[in-house]
Amino acid sequence: QVQLVESGGGLVQPGGSLRLSCAASTTIFSLYTMRWFRQAPGKQREFVAYITSGGNTNYADSVKGRFTISRDNAKNTVYLQMNSLKPDDTAVYYCNDNGNSWGQGIQVTVSS
């Protein structure tokens with residue numbers, strides 16, 4: 001099973017930016033489709049974005065135009081650049097290898 005470790009979360013004001021990182025412990029990272037999910041308090045986990053091995057991307061409507069997913073295969077890392085953050089983006093963010101492996105989650109709080 002792939003080990004995934006997220007980093008880069010924190011507290012930011014509305015309109016601000018954060019970049020999340022997810023490092024994967026696999027030598028075949030470049031073959032994986034990687035996904036980001038999030039879970040707000042009292043809500044179900046929801047899809048945020050994915051990036052395929054070929055670099056194709058897809059986003060949830062709620063983040064389209066504000067978030068950008070990218071990957072660096074040399075570093076076995078996937079990123080989530082989050083701009084124009086809103087209070088509704090407050091959640092624990094998780095990365096996933098499109099299978100059974102999940103990171104531990106990283107808190108993002110958007111508040112003034």
Side-chain angles (χ1 to χ4, degrees):
Q1 190 169 1
V2 177
Q3 302 297 315
L4 301 171
V5 179
E6 299 101 339
S7 61
L11 172 65
V12 63
Q13 292 187 341
S17 298
L18 281 175
R19 188 178 80 156
L20 305 183
S21 301
C22 172
S25 65
T26 173
T27 58
I28 56 171
F29 173 80
S30 63
L31 301 181
Y32 283 83
T33 289
M34 297 298 297
R35 303 187 295 175
W36 285 98
F37 285 76
R38 66 186 182 185
Q39 187 167 16
K43 295 187 177 180
Q44 289 189 329
R45 191 171 298 187
E46 64 176 5
F47 166 77
V48 174
Y50 74 68
I51 184 166
T52 69
S53 59
N56 295 318
T57 59
N58 191 36
Y59 299 91
D61 287 343
S62 59
V63 307
K64 202 169 291 184
R66 300 187 297 121
F67 290 11
T68 302
I69 189 171
S70 62
R71 66 192 302 156
D72 184 338
N73 291 333
K75 296 182 178 179
N76 291 348
T77 299
V78 62
Y79 303 98
L80 186 69
Q81 177 67 43
M82 305 185 294
N83 298 330
S84 302
L85 282 161
K86 306 174 181 179
D88 284 350
D89 295 317
T90 295
V92 178
Y93 285 70
Y94 299 88
C95 63
N96 167 258
D97 67 345
N98 207 36
N100 295 323
S101 296
W102 293 86
Q104 81 284 0
I106 191 88
Q107 178 70 46
V108 171
T109 303
V110 185
S111 175
S112 55

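Residue numbers start at 1 and run along the sequence shown.
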- In the hydrophobic cluster built from side-chain contacts under 4.5 Å, what are the other members alongside L11? none

- Message: I need the full list of side chain to side chain donor-acceptor pair (under 3.5 Å) pairs touching residues 94-103, with sequence neighbours left out, sorted by first then second residue.
- Response: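 Output for this query lists R35-N96, R35-N98, D97-S101.
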
- Task: Sorted by first residue and then second, give each side chain to side chain donor-acceptor pair (under 3.5 Å) pair with at least one member in residues 7-32; sequence neighbours left out.
- Result: S17-N83

Mind checking the [atom1]-[atom2] spacing from [X] to [Y]? Nearest 0.5 Å is all I need.
{"X": "N56", "Y": "I51", "atom1": "CG", "atom2": "CD1", "result": "8.5 Å"}
{"X": "Q104", "Y": "Q3", "atom1": "CD", "atom2": "CD", "result": "10.5 Å"}
{"X": "L18", "Y": "D89", "atom1": "CG", "atom2": "CG", "result": "10.0 Å"}
{"X": "T77", "Y": "L4", "atom1": "OG1", "atom2": "CG", "result": "10.5 Å"}
{"X": "Q81", "Y": "I69", "atom1": "CD", "atom2": "CD1", "result": "12.0 Å"}

- Query: Looking at residues at least two apart in the chain, or sitting in another chain, which of them share a side chain to side chain donor-acceptor pair (under 3.5 Å) with N73?
  - Reply: R71

- Message: Which residues pass the side chain to side chain donor-acceptor pair (under 3.5 Å) test with D61, not counting sequence neighbours?
- Response: K64

Which residue pairs satisfy the disulfide bond (SG atoms under 2.5 Å apart) criterion with at least one member in [range], sequence neighbours excluded?
{"range": "residues 45-80", "result": "none"}
{"range": "residues 37-69", "result": "none"}
{"range": "residues 1-112", "result": "C22-C95"}

Identify whether [X] and [Y] are in the same connected component of the hydrophobic contact network (ILVMFWY, side-chain heavy atoms under 4.5 Å).
{"X": "W36", "Y": "F29", "value": "yes"}
{"X": "V78", "Y": "F47", "value": "no"}
{"X": "F37", "Y": "L85", "value": "no"}
{"X": "Y50", "Y": "L31", "value": "no"}
{"X": "V12", "Y": "L20", "value": "yes"}

Can you give me the closest heavy-atom contact between [X] and [Y], atom names plus distance?
{"X": "S53", "Y": "T33", "value": "N-OG1, 4.1 Å"}
{"X": "K43", "Y": "Q39", "value": "O-NE2, 3.1 Å"}
{"X": "P14", "Y": "S111", "value": "CD-C, 3.6 Å"}

- Message: Side chains of M82 and R66, heavy atoms from C-beta outward: is any pair under 4.5 Å?
- Response: no

- Residue pairs fulfilling ring-ring contact (aromatic ring centres under 6.0 Å, His included) with at least one residue in residues 58-80, sequence neighbours excluded: none

- With sequence neighbours left out, write down each residue that passes salt bridge (Lys or Arg N to Asp or Glu O under 4.0 Å) with D88, or none if nothing qualifies. none

- Contacts of A91 that satisfy side chain to side chain contact (heavy atoms under 4.5 Å, CB included) - sequence neighbours left out: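 Listed in chain order: R38, A40, Y93.
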
- Message: Donor-acceptor pair, distance only, cut-off 3.5 Å: does the side chain of T90 make one with the backbone of V110?
- Response: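 Side chain of T90 to backbone of V110: a pair is present.
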
